[in-house]
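Just so it is clear, the model here is predicted, and its values are computed rather than measured. Per chain, numbering begins at 1; letters A, B, ... match sequence-line order.
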Protein chains: 2
Amino acid sequence: MRSNDESTPEPRATPARAIPARAEATAVAGMPGVRVTAAMVAARAGVSTATVSLVANGKTEGRVSAENIARVTAAIEELGYVVDGIGSSLARGGSNLVILAAPDVANPFFAKVIGGVRAALGSDYQLLLAVSDAGQLPTPEEVRALMSLRPAGLLVDAPDAAFLDRLHSTAPVVLLDAPGVEHYAPSVNLDVGHGARELAKHLAALGHVRVAYLDSTGGTATFRVRREAFLAQAAASGMEVPDGAFASTPIDVGAAAAAFAGAWPAWQRSGITAVVCCTDTHAYGVLQEARVAGVAIPGRLAVAGFDDLPYSATSSPALTSVHLPAAALGEQAGRALKELMRGRVLAEPQRTLASTLIERASTTGQAGNL
Amino acid sequence: MRSNDESTPEPRATPARAIPARAEATAVAGMPGVRVTAAMVAARAGVSTATVSLVANGKTEGRVSAENIARVTAAIEELGYVVDGIGSSLARGGSNLVILAAPDVANPFFAKVIGGVRAALGSDYQLLLAVSDAGQLPTPEEVRALMSLRPAGLLVDAPDAAFLDRLHSTAPVVLLDAPGVEHYAPSVNLDVGHGARELAKHLAALGHVRVAYLDSTGGTATFRVRREAFLAQAAASGMEVPDGAFASTPIDVGAAAAAFAGAWPAWQRSGITAVVCCTDTHAYGVLQEARVAGVAIPGRLAVAGFDDLPYSATSSPALTSVHLPAAALGEQAGRALKELMRGRVLAEPQRTLASTLIERASTTGQAGNL
DNA sequence: CTGAAAGCGCTTACAG
DNA sequence: CTGAAAGCGCTTACAG
C-alpha cells in the first residue's frame, strides 16, 4: 500500500536558535532543502506559534496586535514560510483538496469540464486529478488511498454502480454525468437523451427511413442513454434501424473507420441512408472512410455524432452533432460541491443540463458534397 | 490561501469503548461518516497502536507475533480501517504523492505520457495531476500550495525558466520535455530536432524547393526547437522558406484551417509546394481546408506535421508526421523520479529520446489524391 | 491581545 | 515480541 523502503533522507528540522533568512532559497531544484516551520517563524518574530498560525491564516481580526502582525508578516516573508499542508490538515481534521476522478482525462471535452470545475471552486480548494489508465476510473483501492488524504470533497465523472458501491467517502461527493446512479449522491447530469431525440427527428424530417447506429464498445452509461433515446425516437418518427445496422467499436477514429468499411456494403444493400455515431470520434472515422470509398456525404449517406468536439465545426463536411455543455457541467458540479463542503444543503441536489442538436453539413449539406 | 470559513462539521473521533464492526459501512456517499483510527483497531485487537501500525504497513517481520498479526488483521478487516494518509505523512516526514504538473493534460499525446509515468511509478506512489487552465502550467502559487502537501516527488512537463526559477522544491524533481532548461533538474527530453531534420531531408529528396511553415502561437520551447531544426536542415538541403511563408496559430484545427485559407493564394503564387506544420493538429486544419479549396494533397501540396497523433495514421490522406515516444517519455521520467525518491543518484540525469519520421501519403502518396 | 497546552493520527526509536 | 512515549507541524479552545 505504501512504500516499504522509503529511504529518502528526511530533512531534520534545524534547531531554532540561528534561523538564516531565506532558508528555502538555498534549496536547489531536485535537492532536499530546509523546511521552514511555524516554530522558526515564531522564534524569529518573538511570538508563539499560535500567533504565527493566526497571522498565516489571516485570522487576526481582534486577536493579534498590529505590532505582532507586522513582526510575523516580516518573519514569514524573510524565511519564506509556507503553512505545511500536512500538519494543517491533521489539526483541522481535513485538507482543502478536491479530487476529481474521471475515466477520460485526455479528451477535449473533459478539458472544458475541468475548466468549469476550477472556475467554480476558486482558490480555496486545490483541485487534483486522480488518473488511471485510459477509459478507466481509478480502482476502489486507488480511491481508498486518495480518501486517506482526507479530501474536502470528491467529484466523480461517469461512475458506475460498482464503483460507487465500493466508495465509502467521508467527504461530500458530487457526481457528474451519472445517469442511472443519481441516487448515490448529488449529481449533475446531461440530458443527452433530448439531443438524441432531436437528432432522430432531424433525420426523419430529412426523409431518412433506414439508419445505422455506430455504438461504443464498453464505455460508460451515457452511451446506453444515447442509443436508447435515439432508437426510441427513431421508431416513433417512423425510422427503422435494421438488425444488421448496428456496429460498435472503441472510441477511436481508425477502429470506427475500419468498422464502417466492413459494414458499408451490407448497409448500402439494405438501404441505409444515414449513420448515427455515439461520439464525434466515431463519426470522424466514418467521414474519412466514406471519403476513401467515394460515398458522398450527405448525398449518399448522412452522418452525425455526439459531443460536438472542436474539430466537428470545421471538418469537411462539418459534422452534425449533439452538443453537450461541458463547461457548465463542471461548473455546476463544482458549485454544488462547494456548497456541500461548506456544510450547506443543496436546494437542488439533482440537476440536468440540456443538450442541443447542432445541425451541420454532414446531414444538411448539398448532396454530393465530398 | 486556505478556506477561511471551513465550517464543515468535523467528525469527532468516537470514544474507543464500543467499536461497532464496519463502522465505515454506515457512511453514505456524500455524508460524513465515522473515521476508523488505529486506536480503534488497537482497542478491538487488544494491542497497542504501534503494533497496528506495524501490521498495517507490513513491517511485521521479526517484530510481531503471528497471533497478533492475525488479531490485528482481523480487526482491520472488521472495522474497515485504512491508514490515514495525513497522520502517516506527518509522522514519516513526507507523503507518497507524486505530482505531475503539465500545461496540456487534455491531449492524446499526454495521455500516453501519463500511462508511461504510471507504469514506472507502480503502486508505491499516488500520482496526481495538477491542472490549470488549458495550455498553462500551474502558477508558482499553486505549486507552492502543492508543495505544502509534501509530495514525494514532482514531475514537470514543458516548464520554462521562469516557472523553475520560482519553484523551490524540497522534493526530487524530474523534468519532461524541457529543452533549454535541463540544468535545473534531471530531465528526459525528446530529440525532436532529429525528426525535424529527417522531415526536411525527406521533402528535399522528394524535390520540394519552396516550403511553408505553420507554427504555434505562444506555446512551449519544443516549438522553437522544431522550427529551428527544420529551417536549418531545410537550408542545408537546398530548400527555401520564403519570408511570406510563415504563419502561426493556436493549436486548433479551425484556426489552422483559417490561416491556411488566408495564406494559400500567396503561397501558391510564390511556388510553395509543401507546408510543414508544428503539430498534427495544425496539419489537420490544412488538410481540411485544402480539401475544401480543391488543393490536391500531396500532388499540388505536400503536408506534414509533428506528434503523430492517433488520427494521423488514418486521416485521408494519412499524415506524414514526426513521431515522439510519449509513453517512453513518461516511463523514463517516472523511473528516474523513483530512483531519486529512493535517495539514489541518477547514473544518467539527462536523457534524450529519439524522434522518428513516419512517412505517409500526405507527402508520398500519388499526386492528385484528394 | 497572548501563549502554554492539548490534540489531530500516525510512526519509530527506545526500553523492556 | 511488545507497548509507552515522543514527535511530526499545525490549529484551537482555554486561561490569563
Nearest-nucleotide 5' precedence on DNA chain C, B:Ile86 against B:Thr51: B:Ile86
Write down the distance between [atom1] ([X]) and [atom2] ([N]), rounded to a whole number of angstrom.
X        : N      : atom1 : atom2 : value
A:Leu149 : C:dC10 : CG    : P     : 13 Å
B:Lys59  : D:dC1  : NZ    : P     : 17 Å
B:Asn68  : D:dG3  : CG    : P     : 6 Å
A:Asp84  : D:dG7  : CG    : P     : 18 Å
B:Glu67  : D:dT2  : CD    : P     : 8 Å
B:Arg35  : C:dG7  : CZ    : C1'   : 15 Å
B:Arg92  : C:dA13 : CZ    : C1'   : 15 Å
A:Ile69  : C:dT2  : CD1   : C1'   : 13 Å

So A:Val52, base contact, sugar-phosphate only, or nothing? Heavy-atom distance under 4.0 Å. nothing
Looking for any heavy atom pair under 4.0 Å, which part of the strands does A:Ala50 touch: base, sugar-phosphate only, or nothing?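 Result for A:Ala50 = base.
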Scanning both residues in full, the closest heavy-atom pair of A:Thr51 with A:Asn68 reads CG2-CB, 4.4 Å
Quick one: which of [options] gets closest to the side chain of [X]?
X        : options               : result
A:Arg63  : D:dC1, C:dT2, C:dG9   : C:dT2
B:Ser65  : D:dT12, D:dT2, C:dC10 : D:dT2
A:Asn57  : C:dC10, D:dT2, D:dT11 : D:dT11
A:Leu90  : D:dG3, D:dC10, C:dC8  : C:dC8
B:Arg150 : C:dT11, C:dT2, D:dG9  : D:dG9
A:Ala91  : C:dC8, C:dT11, D:dT12 : C:dC8
B:Val83  : C:dC10, C:dG3, D:dG3  : C:dC10

NZ/NE/NH1/NH2 to OD/OE distance under 4.0 Å, B:Arg335 and B:Glu339: no
Close side-chain approach of [X] and [Y], heavy atoms under 4.5 Å:
X        : Y        : result
B:Val64  : B:Val72  : no
A:His168 : A:Arg144 : yes
A:Val41  : A:Val55  : no

Could you pick out which residue, B:Thr49 or B:Leu54, lies toward the 5' side of DNA chain D when each is mapped onto its nearest nucleotide? B:Leu54
Phosphate oxygens OP1/OP2 of D:dT11: is one of them under 4.0 Å from a side-chain N or O of A:Ser53?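 For D:dT11, OP1 or OP2 has a side-chain N or O of A:Ser53 closer than 4.0 Å.
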Taking only side-chain N and O atoms of A:Ser88, does any of them lie within less than 4.0 angstrom of OP1 or OP2 on D:dT11? yes
Counter-base of D:dG16, judged by Watson-Crick or G-U geometry with both distances under 3.5 Å: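 Across all strands, the one nucleotide that pairs with D:dG16 is C:dC1.
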From B:Leu175 CG over to B:Phe163 CZ, what is the distance, rounded to the nearest 0.5 angstrom? 9.5 Å
